[in-house]
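On a predicted model such as this, the values are computed, not experimentally measured, just so you know.
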Amino acid sequence: MNLHLSKNKLIAILLLPTVSFGQLPIYERHIKMPAISGNCEVEIGDIDVEGKTDEMPGFYTRIKSTLLGKVEGFDTSGLIEIDHSDLKQLYLSAEKEKIKGQAGDIYLDISRLTATGLNLRGLNLERKSKNLFSLFLGRTKEAEEDVFAQYGGGIRAEFYPKETKVGFTCLSFLDDESSANLPNLSPISSNVFSLFGSKQLKKMGSSVESELAMSSFTPDRRKKETKKDMAMTVKLIGSHEGKEIELSYNHIGKDYQTAGNPYLLNDKETLGIKATQPIKRAILVTGYEKGRESGIDTEKIEVELKDLAFLGITTKTGVEMEKKKEKSDYNRIYLELEKEVKCLSLSPAYEWTGYDDEAVDSSDYTMNNLSLGAVGDIGSVTLSSNVGYSLSSKGTEKAKEANYNLFLSASYQLADFLFEPEYSLYLDREEKKKIQQEEMLSISLKYSISPKYQGVLGYENKELKDFSASSNNYKIKTLKTGFQVLF
């Protein structure tokens with residue numbers, strides 16, 4: 001191991017976990033301290049790099065702290081993580097009766113037609129009494145080599161008449177052209193307004209849900225050419241004695257786009273039905289959908305049998321089929337099992353996927369995935385592992401590619417010491433030749449100084465071997481230490 005550490009730096013790293021900390025005295029006993037609990041983790045180390053990688057070599061510090069409690073009547077939680085002097089994560093939430101505020105890194109999931117899976121660094125405010133009002137504002141994308149920084153904001157309101165919910169959503173997103181020098185990339189702007197509602201019906205526990213959205217999307221703000229269109233979803237759900245049936249209709253216009261969900265397929269109109277039927281020791285789910293996606297006629301069938309139990313084994317299996325007229329076929333079969341074997345929980349799984357493109361034969365592929373996971377306690381050792389194998393054939397020549405992956409982690413407690421090794425391996429082969437191999441080994445030793453203070457010493461080694469292009473090879477070795485404080 002060739003880690004470039006000076007003598008003084010190495011002594012500091014090795015001795016730091018032995019430092020103990022005392023509680024700060026409270027000089028003013030009449031001051032009421034906030035009821036806050038949490039932890040603070042401090043990690044320092046040295047990284048040695050060989051080869052081509054984005055990892056920065058040298059000495060580093062990493063600080064992470066979480067908190068949870070009540071401050072001035074507000075239920076409060078927070079998280080902050082600083083890595084290499086960069087702010088990686090920041091989150092603070094405060095909630096009291098009808099008011100809730102969030103600041104920092106926020107995840108928003110509003111609806112499929114407006115914004116879903118949206119990562120925002122900014123502010124989100126909610127007020128809920130008889131009705132709900134919310135407002136968010138912040139940065140939704142960070143400027144990178146091929147991406148402009150993007151900022152977004154929106155308001156949402158929900159009203160609750162008897163057994164009914166109605167409301168609206170208004171969102172706006174804008175690329176910041178000045179954030180990066182990208183002359184070949186077009187800065188966009190996106191605006192969406194939607195009306196939504198749901199109603200509980202008295203017959204058979206049924207309900208209806210719907211949303212109507214209108215978009216205004218400018219693919220290049222320099223040209224100021226704006227595309228406008230609409231989208232609509234309707235669902236009718238009926239349930240009785242564990243049985244459920246769902247009818248759905250989706251319409252998404254050809255020019256409908258929203259920056260809040262860039263993966264939404266447009267030019268779509270489908271009609272579907274989905275049924276959930278309890279049977280002996282299992283639940284049967286069947287679905288059928290027909291219509292148009294991206295201007296092509298499609299037909300989808302889905303059948304799933306889940307929670308089937310026999311001989312102590314819990315099973316989930318299913319079939320998915322999709323047919324695009326004069327274009328392609330997509331088929332998927334999967335099987336997942338769970339079985340308790342003495343002290344271990346085993347979860348084998350198998351998946352087969354086939355794709356046949358009638359227009360472009362080189363896009364054809366088949367894939368077989370097989371995996372086995374195991375979690376449990378063997379004596380005083382807690383074990384977690386997963387091994388996987390994937391075999392695929394692609395294109396007209398049916399070139400075969402095989403992937404192998406292995407993951408092992410364990411945890412062993414001895415007196416005040418906790419030993420945690422971890423190992424992972426990924427191997428990619430094509431036509432019996434190695435293409436790429438990635439390997440990682442890490443070892444962590446934690447020592448409890450007291451119930452509130454813990455020291456940590458660790459080592460990690462990552463290595464990538466690219467057999468097709470040795471210039472991509474790299475090795476990363478990390479020696480680290482630190483401490484954790486509970487408060």
Quick one: do the Tyr60 and Glu43 side chains pair a donor with an acceptor below 3.5 Å?
yes

Close side-chain approach of Leu174 to Arg221, heavy-atom, < 4.5 Å
yes

Glu299/Lys290 ion pair, N-O < 4.0 Å
no

Compare all side-chain heavy atoms of Ser248 with those of Thr233 and state whether any distance is below 4.5 angstrom.
no

Between the side chains of Asn369 and Ser390, is a donor N or O closer than 3.5 angstrom to an acceptor N or O?
yes

Under 4.0 Å between a side-chain nitrogen and a carboxylate oxygen: does that hold for Arg292 and Asp297?
no

Within a strict 4.5 Å, meaning less than it, do heavy atoms of the Phe173 and Leu118 side chains meet?
yes

Thr140-Gln150 side chain donor-acceptor pair, cut-off 3.5 Å
yes

Quick check: does any side chain N or O of Ser65 sit under 3.5 Å from a backbone N or O of Asn39, one acting as donor and the other as acceptor?
yes

Go through the steps to decide whether Phe148 and Asp176 satisfy the test side chain to side chain contact (heavy atoms under 4.5 Å, CB included), and finish with yes or no.
CA-CA 6 Å; Phe148 289 118; Asp176 181 7; 5.7 Å; no

Quick one: does any side-chain atom of Thr276 pair with a main-chain N or O of Lys243 as donor and acceptor, under 3.5 Å?
no

Measure from NZ or CZ of Arg332 to the centre of the six-membered ring of Tyr334 and say whether it is under 6.0 Å with the direction within 45° of the ring axis.
yes

Asp307 side chain to Ile283 backbone, donor-acceptor under 3.5 Å
no

For the residue pair Ile476 and Ile47, establish whether any side-chain heavy-atom pair is separated by less than 4.5 Å.
yes

What are the two closest heavy atoms between Tyr389 and Ala402, and how far apart are they?
CE1-CB, 4.2 Å

Side chains of Leu79 and Asp105 in contact at under 4.5 Å (non-hydrogen atoms):
no

Minimum heavy-atom separation for Pro219 to Glu225, with atom names?
CD-O, 3.3 Å

Answer yes or no: is there a donor N or O on one side and an acceptor on the other, between the side chain of Ser294 and the main chain of Ile296, under 3.5 Å?
no

Could you state the interatomic distance from CZ (Arg281) to CG (Leu305), rounded to the nearest 0.5 Å?
13.0 Å

Any ion pair linking Glu158 and Arg156 (charged N to carboxylate O, less than 4.0 Å)?
yes

Side chain proximity check, Asn331 to Asp356, heavy atoms < 4.5 angstrom:
no

Would Phe467 and Ile435 count as a side chain to side chain contact (heavy atoms under 4.5 Å, CB included) here? Give the steps.
CA-CA 5 Å; Phe467 299 96; Ile435 302 299; 5.9 Å; no

Shortest non-hydrogen pair, Tyr91 vs Ser77, comes out as CE2-OG, 4.0 Å

Interatomic distance, CZ@Arg62 vs CG@Asp83, rounded to 0.5 Å, equals 4.0 Å

Is there a side-chain contact between Ile443 and Phe419 in this structure, where contact means two heavy atoms from C-beta onward sitting under 4.5 Å apart?
yes

Main chain of Gln436, side chain of Asp466: is a donor-acceptor contact present, judged purely on distance under 3.5 Å?
no

For Asn472 and Leu464, work out which heavy atoms get closest and say how close.
O-CD2, 3.7 Å

In Å, rounded to the nearest 0.5 Å, how long is the span from CD of Glu463 to CD of Gln437?
7.5 Å

If the condition is salt bridge (Lys or Arg N to Asp or Glu O under 4.0 Å), which residues does Glu336 pass it with, not counting sequence neighbours?
Lys316

Kindly give the heavy-atom pair with the smallest separation between Ala213 and Tyr256, and that separation in Å.
CB-OH, 3.3 Å

What verdict does the side chain to side chain contact (heavy atoms under 4.5 Å, CB included) test give for Val49 and Tyr474, after you've listed the backbone C-alpha separation in whole Å, the side-chain angles of each residue and the deciding distance to 0.1 Å?
CA-CA 7 Å; Val49 175; Tyr474 66 75; 5.7 Å; no

Worked verdict on Met440 versus Glu422 for side chain to side chain contact (heavy atoms under 4.5 Å, CB included)
CA-CA 8 Å; Met440 188 277 291; Glu422 186 176 304; 3.4 Å; yes

Could you state the interatomic distance from OH (Tyr423) to CD (Glu439), rounded to the nearest 0.5 Å?
3.5 Å

What orientation do Tyr355 and Tyr365 show, parallel under 30°, tilted 30 to 60°, or perpendicular over 60°?
parallel

Please round to the nearest 0.5 Å and tell me the distance separating atom CD of Glu209 and atom CG of Leu236.
10.0 Å

Between Asp175 (side chain only) and Ile188 (backbone N and O only), is there a donor and an acceptor less than 3.5 Å apart?
yes

Closest non-hydrogen atoms of Leu408 and Ser385, given as atom of the first, atom of the second and distance, are CD2-CB, 3.3 Å

Enclosure of Lys339 NZ (heavy-atom neighbours >12, cutoff 6.0 Å):
yes

Only pairs at least two apart or in different chains count here, so list each side-chain hydrogen bond (donor to acceptor under 3.5 Å, both in side chains) that has a residue in residues 108-118.
Asp109-Thr116, Ser111-Thr114, Ser111-Glu211, Arg112-Asn250

Does the side chain of Gln102 come under 3.5 Å of the side chain of Asn124 through a donor N or O and an acceptor N or O?
yes

State the NZ-CG distance between Lys228 and Asn191, to the nearest 0.5 angstrom.
9.5 Å

Heavy-atom side-chain proximity of Ile110 to Phe136 below 4.5 angstrom
yes

Of all residues at least two apart in sequence or in a different chain, which pass the salt bridge (Lys or Arg N to Asp or Glu O under 4.0 Å) check with Glu177?
Arg222

Less than 3.5 Å apart, any donor N or O on the side chain of Ser215 or Asp229 sitting next to an acceptor on the other?
no

